[in-house]
Q: 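Before I ask anything, here is the structure I am working with.
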Amino acid sequence: MTNSLVLVINSGSSSVKYQLVDAAGGEAVASGIVERIGEDDGIVTHHCGTETIEHRGPIRDHAEGLALAFGMFEQSGYPLSGAGVRSVGHRVVHGGEVFYKPTVITDEVVEQISRLSALAPLHNPANVTGIESARALLPDVPQVAVFDTAFFHGLPAAASTYAIDLDLAREHGIRRYGFHGTSHKYVSGQAAEFLGRDVAELNQIVLHLGNGASASAILRGTAIDTSMGLTPLEGLVMGTRSGDIDPGIVLHLRRSAGMSVDDIDDLLNRRSGLKGLSGVNDFRALGQLIDDGNTAAQLAYDVYIHRLRRYIGAYLIELGGADVITFTAGVGENSASVRADALRGLGRFGIAVDDARNTAKSRVARRISPDSAEVAVLVVPTNEELAIARAALAATASSSA
Ligand code: AMP
């Protein structure tokens with residue numbers, strides 16, 4: 001039996017995704033998702049090998065959902081208790097100023113993550129619930145928190161500081177933290193490996209374009225800027241989030257449209273972005289609407305690309321030129337048109353996309369720029385679960401060394 005198995009848990013407000021990963025080989029041994037927690041029509045979907053099993057019924061809370069999932073490991077002939085799980089790795093969204101590396105979980109760590117909930121009210125409380133449930137179910141297995149903000153912890157002050165009253169900002173922890181850090185770090189590492197280079201030799205722009213989306217500028221292995229800020233709302237246009245807006249819009253909505261803070265929160269996080277502009281947040285549905293001649297969908301696409309190009313331009317300047325630009329996540333890995341439009345007409349900056357390479361179907365890391373182009377443009381599949389598993393295993397090993 002392998003001794004590098006890590007259970008990775010990503011706990012959201014009403015769902016928990018989990019994956020049992022062999023951190024050495026990189027394979028997912030089993031995975032699943034618990035959905036509609038707190039409702040009568042809850043569902044657990046569990047995949048193990050080629051088999052998929054399902055449980056439907058009320059799921060009271062996260063603890064019950066995870067217990068059901070653990071039962072399904074047993075049902076599929078792979079009980080977790082006998083699997084020799086070395087560590088449980090938890091994705092935690094906000095590490096604030098406190099956490100900047102994978103951290104073995106203790107009662108005190110849980111309390112600190114809880115305290116950071118003011119900065120991530122949609123995410124950290126759910127992460128804590130997942131941690132508490134997993135600790136109760138697997139009390140003898142070390143648990144590790146891996147923070148989405150960690151890779152950006154060392155952003156230069158010029159990039160992390162908002163131009164507002166400094167004392168007020170300090171008092172309330174208001175600064176740019178950045179998110180998706182696990183993915184940006186993993187993908188930049190994979191990009192360097194693909195090119196046979198060391199991350200310390202390369203200036204990289206990573207474009208993580210999923211339902212949530214973010215860009216980062218990485219100078220010889222160190223992140224120097226990223227598009228998300230105090231919260232994951234800042235930056236690129238996303239599936240349902242607005243990304244950058246004039247903060248005056250919030251004031252205007254509050255004063256003139258009579259919207260409450262919660263209304264505005266809901267508007268900007270769940271009813272904006274592609275969805276707000278076109279009615280759909282999925283890029284495949286957006287593409288279909290554009291093909292059907294829907295002008296709102298076309299506008300949504302154009303706004304998305306415009307914002308993306310603005311960040312690419314900014315990061316090219318911040319880095320003093322890039323060696324690599326990498327697309328990743330659902331949209332970045334799958335949409336050839338987004339990749340082509342994001343980098344169109346940039347030949348004078350050494351950036352080009354080869355049409356045949358860009359449109360070829362592939363699931364592995366690949367170059368989509370011509371070999372002759374100065375800047376390597378890559379598509380690299382992200383794998384946050386594997387990155388979390390490796391980080392958790394390393395933290396467990398160093399804490400017991
Ligand atoms: P993620 O958050 O990384 O899971 O990405 C999810 C998003 O990827 C979905 O909302 C889709 O918009 C997009 N996506 C997934 N598959 C495709 C595809 N084949 N073509 C275009 N977009 C896709």
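First listed ligand is number 1; within each ligand, the first listed atom is number 1.
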Q: Find out whether Val375 and Asp323 are in side-chain contact, i.e. whether some heavy atom of one side chain is under 4.5 Å from a heavy atom of the other.
A: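 They are not in contact (no side-chain heavy atoms under 4.5 Å apart), so the answer is no.
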Q: Taking 4.0 angstrom as the limit and counting only heavy atoms of Ala329, give me the atoms of ligand 1 inside it, by number and element.
A: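 Taking each heavy atom of Ala329 in turn, ligand 1 has 3 (O) under 4.0 Å.
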Q: Which of the numbered atoms in ligand 1 are below 4.0 angstrom from a heavy atom of Val331?
A: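 Numbered from 1, ligand 1 contributes 8 (O), 12 (O), 13 (C).
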Q: What is the nearest protein non-hydrogen atom to atom 3 (O) of ligand 1, stated with its residue, atom name and distance?
A: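 Its nearest protein heavy-atom neighbour is Gly330 N, 2.9 Å.
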Q: May I ask you to check whether His184 and Phe152 place their ring centers less than 6.0 Å from one another?
A: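 So the answer is yes for these two rings.
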Q: Do ligand 1 and Gly210 have nitrogen or oxygen atoms that lie under 3.5 Å from each other?
A: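 Between Gly210 and ligand 1, no N or O pair is found under 3.5 Å apart.
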Q: What atoms in ligand 1 come closer than 4.0 Å to a heavy atom of Asp282?
A: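 Counting atoms of ligand 1 from 1, those under 4.0 Å from Asp282 are 9 (C), 10 (O), 11 (C), 12 (O).
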Q: For Phe73 and Tyr18, I'd like to know if the aromatic rings sit close, meaning centre-to-centre distance below 6.0 Å.
A: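 When the ring centroids of Phe73 and Tyr18 are compared, they turn out to be within the sub-6.0 Å range.
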Q: Can you check whether Tyr304 and Phe283 have ring centres sitting under 6.0 Å from each other?
A: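 Close enough - the centres of the two rings lie under 6.0 Å apart.
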Q: Judging by distance only, is a nitrogen or oxygen of Phe283 under 3.5 angstrom from one on ligand 1?
A: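 Yes, at least one N or O pair falls under 3.5 Å.
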Q: What is the closest protein heavy atom to atom 2 (O) of ligand 1, and at what distance does it sit?
A: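 Result for atom 2 (O) of ligand 1: Asn211 N, 2.9 Å.
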Q: Gln19: what forms a side chain to side chain donor-acceptor pair (under 3.5 Å) with it, not counting sequence neighbours?
A: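 Partners of Gln19 under the side chain to side chain donor-acceptor pair (under 3.5 Å) test: none.
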Q: Charged N to carboxylate O under 4.0 angstrom, Arg357 versus Asp371?
A: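 Salt bridge: yes.
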Q: Is any side-chain heavy atom of Ile131 closer than 4.5 Å to a side-chain heavy atom of Arg135?
A: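 They are in side-chain contact.
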Q: Is the shortest distance from atom 14 (N) of ligand 1 to a protein heavy atom below 4.0 Å?
A: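 Within 4.0 Å: yes, protein heavy atom nearby.
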Q: Would you tell me which option among Leu286, Asn334, Leu209 has the nearest heavy-atom contact to atom 19 (N) of ligand 1?
A: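 The residue whose heavy atom sits nearest atom 19 (N) of ligand 1 is Asn334.
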